[in-house]
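This report refers to the structure that appears directly beneath it.
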Amino acid sequence: MKKLMKCIMVAFCLAVAVAFAAGVQTTNVQAKKKVTYKLKKGTLTIKGKGNMPKKIKVKKSKVKKIVIKKGVKNISNNAFKNFKKVTKVTIPKTVKKIGVDAFYGTAIKKLTIPTKATKIGEGFVDKCKKLDFLTLPGSFSVVDKKGKPIRYNYYSLGTNLDTVTFNTNLDYNVAGYFKTYNFVTSTSDPNFKSFDGVIYTKDGSGIVRVPSGRDTIALREGCTVFNVSSVIYTNGNGFVCKDLVRVTLPTSLAKVNDEAYPDKNKTSSRKLDIITDKTNLEIPQIVVLKNVFEMTAETLAKKFPTRINNDSGFCVGDGKYLIIGDGQAESKIPAGITTVCDRAYSGVAVNKAVLPSSVETIDNNAFAYTTLSEINLENVKNIGKYAFAGTQLAKVELPAAITSIPDYTFYDCNDLKEVVINGELKTVGASAFRNTYINLGDFLTSNTKLETVGKAAFQNVPWSNITIPANIKTVGANAFAESNNTKFVLIKGSTAGFDMKAFGVKNNVTYQFEQGMSQAWVTPDIDSYTTKKALKISLGWDKVSEVNGYEIWVAKDINLKKGVKKYTAKYNEKSKNISITKKKAKGLKYVGIRAYKTVDGKKVYSKWNINKL
């Protein structure tokens with residue numbers, strides 16, 4: 001019996017020992033998940049699984065090489081800042097984030113950021129004066145110390161790279177972050193390819209980005225499209241290619257494009273010396289060059305001597321394109337001119353323009369923001385965007401050939417009060433008459449073929465009572481928005497193509513819908529905020545005539561089906577304040593409002609107008 005008890009006790013002790021050992025082993029595994037570091041013979045080794053420590057406490061002058069092992073997920077802010085003797089860094093594929101100023105001031109000559117590291121701290125290679133070669137993902141977010149994205153807003157300061165190589169598909173906007181002489185795209189990139197260190201479209205036909213370190217650039221033969229954003233892109237603090245002074249165009253060039261591949265900032269024109277042996281570019285393409293690169297009439301005549309004539313104050317292309325006006329108060333455009341080109345009178349004084357019968361086209365911005373107060377458009381067939389924006393025209397008579405008024409054509413014409421339409425006008429573009437003083441009621445009712453009114457087309461045009469005839473089928477947001485006075489509008493036709501904010505959200509309009517409640521809507525002005533105790537919603541709305549009241553639903557989803565809270569307002573009310581306790585308001589994101597009318601004992605509803613809180 002004693003032997004049996006002894007055996008039992010031994011077995012018990014062994015079991016406890018095994019269990020204890022197992023516990024110790026588990027602890028060691030967990031410990032291995034922590035990221036640790038060790039400095040030995042000039043090499044700082046960082047290993048483990050997870051995030052790096054916020055601070056590396058070693059003597060900086062002792063570190064010459066940094067090796068980060070697989071499993072480490074991030075490099076901390078300021079991790080190796082001013083480790084001035086570090087010449088080599090190895091980063092594993094597991095790293096997903098690089099901290100702010102992570103390698104600031106080091107002596108590294110080459111650095112590869114893995115493909116998964118799509119969050120990169122601002123200034124991560126600032127003051128790396130010996131860094132020549134940088135490889136990193138083609139798409140990444142620049143983040144601040146808290147990991148929140150910021151805009152690309154400067155070069156890597158104090159670091160002049162030789163080559164930036166992208167190891168994933170490129171977002172061309174990241175190009176503005178680096179001061180470099182060459183770009184190299186990923187071989188698998190489906191959209192872009194680098195030739196001689198410059199980014200082009202995949203087939204090489206269009207130039208996309210020139211590296212910031214270049215002072216001259218010659219577009220490759222075979223390039224047919226000069227995308228001008230490639231050399232005038234900005235980083236928020238000025239042009240990235242600020243040292244660039246000369247661009248040489250190839251004989252293959254056929255088009256100049258000022259719209260493709262724009263940067264996230266607002267770019268503008270700049271002076272550059274354009275060198276070209278190409279003399280058969282279409283004049284409209286030469287005009288784009290002139291506008292973007294601020295080329296004078298003298299320069300144009302010199303660059304394209306067989307195509308452009310600069311005589312008698314007029315700069316004319318191919319004998320029929322007026323590129324630059326003569327600067328006279330009364331500009332008598334020469335006979336034979338068919339087109340007044342984009343920005344022909346930009347910065348040129350003109351009060352009256354006398355057009356010959358040959359002029360058929362007034363191009364985009366042709367007279368924009370000049371002192372023009374008089375022009376005869378009798379034979380004109382085409383008018384471009386912004387053609388007369390900001391001029392001093394008081395009256396305009398449009399010929400029969402004009403059936404559409406483009407976007408912004410008469411925008412900011414503060415003196416414009418009278419418009420005569422001789423043809424069958426069908427379309428008024430976005431902001432076409434915005435900030436003018438035309439008689440809106442007469443304009444709408446007299447143009448019986450008018451079908452489409454663009455966004456903000458008549459915004460800030462004063463009116464009190466207007467009728468929207470049934471021939472108008474489509475109306476954009478804020479098309480008739482005007483803040484002053486109480487207003488009444490009769491809408492005669494279908495509103496299927498109307499934006500519900502066509503009249504703005506100023507709560508000073510009363511609507512009457514001739515086609516009945518099925519065509520009606522209510523326009524809410526919504527202000528919401530959350531306090532410690534409740535969700536507060538303040539609504540105001542434009543009235544609908546001859547209704548019995550309004551329904552207001554607050555819900556979690558845009559279809560107003562989940563977690564709905566219902567409220568009502570009387571027919572003569574124009575506002576309502578709603579307070580929902582924080583507990584009951586959880587998840588509420590949308591508010592919808594509609595009018596209703598009782599017909600034969602039943603409620604008939606208008607369309608829902610649903611808005612996000």
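- Annotation: salt bridge (charged side-chain N to carboxylate O under 4.0 Å, His left out) contacts of Arg220 (sequence neighbours excluded): none.
- Atoms CZ and NZ, from Phe192 and Lys202 in turn, are 10.5 Å apart once rounded to the nearest 0.5 Å.
- For Asn609 and Asn611, the side-chain atoms include at least one donor-acceptor pair closer than 3.5 Å.
- Evaluation of the side chain to side chain donor-acceptor pair (under 3.5 Å) rule for Trp541 yields no partner, not counting sequence neighbours.
- The structure places CE of Met517 at 10.5 Å from CD of Glu546, a figure rounded to the nearest 0.5 Å.
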Determine, step by step, whether Lys607 and Ser518 satisfy the side chain to side chain donor-acceptor pair (under 3.5 Å) criterion, reporting the C-alpha distance in whole Å, the side-chain angles of both residues, the deciding distance to 0.1 Å, and the verdict.
CA-CA 7 Å; Lys607 301 175 183 179; Ser518 63; over 6 Å; no
Carefully, step by step, assess Asp318 and Arg307 under the rule salt bridge (charged side-chain N to carboxylate O under 4.0 Å, His left out).
CA-CA 5 Å; Asp318 288 352; Arg307 306 292 305 284; 2.8 Å; yes
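- Pairs of residues two or more places apart, or lying in two chains, that qualify as ring pair (Phe, Tyr, Trp, His ring centres under 6.0 Å) and include a residue from residues 415-462 are Phe410-Phe433, Phe433-Phe443, Phe433-Phe458, Phe443-Phe458, Phe458-Phe480.
- Partners of Arg594 under the salt bridge (charged side-chain N to carboxylate O under 4.0 Å, His left out) rule, at least two apart in sequence or in another chain, are Glu551.
- Of all the heavy atoms in Pro356 and Ile333, the pair that sits closest is CD-O, 3.4 Å.
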Ignoring hydrogens and angles, write down the donor-acceptor pairs under 3.5 Å from the side chains of residues 388-400, residues two or more places apart or on other chains.
unit_1	atom_1	unit_2	atom_2	d
Thr391	OG1	Phe388	O	2.8
Glu397	OE2	Asn422	ND2	3.1

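- Taking Tyr172 as the reference, Tyr261 meet the ring pair (Phe, Tyr, Trp, His ring centres under 6.0 Å) condition, with sequence neighbours excluded.
- A donor-acceptor contact under 3.5 angstrom links the side chains of Asp326 and Ser331, judged on distance only.
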Cut-off 3.5 Å, no hydrogens considered: what does the side-chain donor-acceptor table look like for residues 225-232, sequence neighbours left out?
unit_1	atom_1	unit_2	atom_2	d
Asn227	ND2	Ile207	O	3.0
Ser230	OG	Asn227	O	2.7

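- The line from NZ of Lys449 to OG1 of Thr427 is 13.5 Å long, rounded to the nearest 0.5 Å.
- Take Asp415 and apply the salt bridge (charged side-chain N to carboxylate O under 4.0 Å, His left out) test, not counting sequence neighbours, and it matches no residue.
- Between Val453 and Ile472, the shortest heavy-atom contact is CG2-CG2, 4.2 Å.
- Here the NZ atom belonging to Lys473 is positioned 7.0 Å from the OG atom belonging to Ser494, to the nearest 0.5 angstrom.
- For Thr251 and Glu221, the side-chain atoms include at least one donor-acceptor pair closer than 3.5 Å.
- Residues meeting the ring pair (Phe, Tyr, Trp, His ring centres under 6.0 Å) test with Tyr200, sequence neighbours left out: Phe195.
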Considering only distance and modelled atom types, tabulate donor-acceptor pairs under 3.5 Å from the side chains of residues 280-300, sequence neighbours left out.
unit_1	atom_1	unit_2	atom_2	d
Asn280	OD1	Lys278	NZ	3.0
Gln285	OE1	Val256	N	2.6
Lys290	NZ	Arg343	O	3.2
Asn291	ND2	Val287	O	3.4
Asn291	ND2	Asp342	O	3.4
Glu294	OE2	Ser269	OG	3.0
Thr296	OG1	Glu298	OE1	3.4
Thr296	OG1	Thr299	N	3.1
Thr296	OG1	Thr299	OG1	3.0

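- Tyr511 pairs in a ring pair (Phe, Tyr, Trp, His ring centres under 6.0 Å) with only one of the listed residues (Phe488, Phe498, Trp521), which is Trp521.
- Sorted by first and then second residue, the ring pair (Phe, Tyr, Trp, His ring centres under 6.0 Å) pairs involving residues 309-346 (not counting sequence neighbours) are Tyr345-Phe367.
- Scored by the ring pair (Phe, Tyr, Trp, His ring centres under 6.0 Å) test, Tyr386 finds Tyr408 as partners (sequence neighbours excluded).
- Note that the CG atom of Leu272 and the OG1 atom of Thr216 stand 11.0 Å from one another [nearest 0.5 Å].
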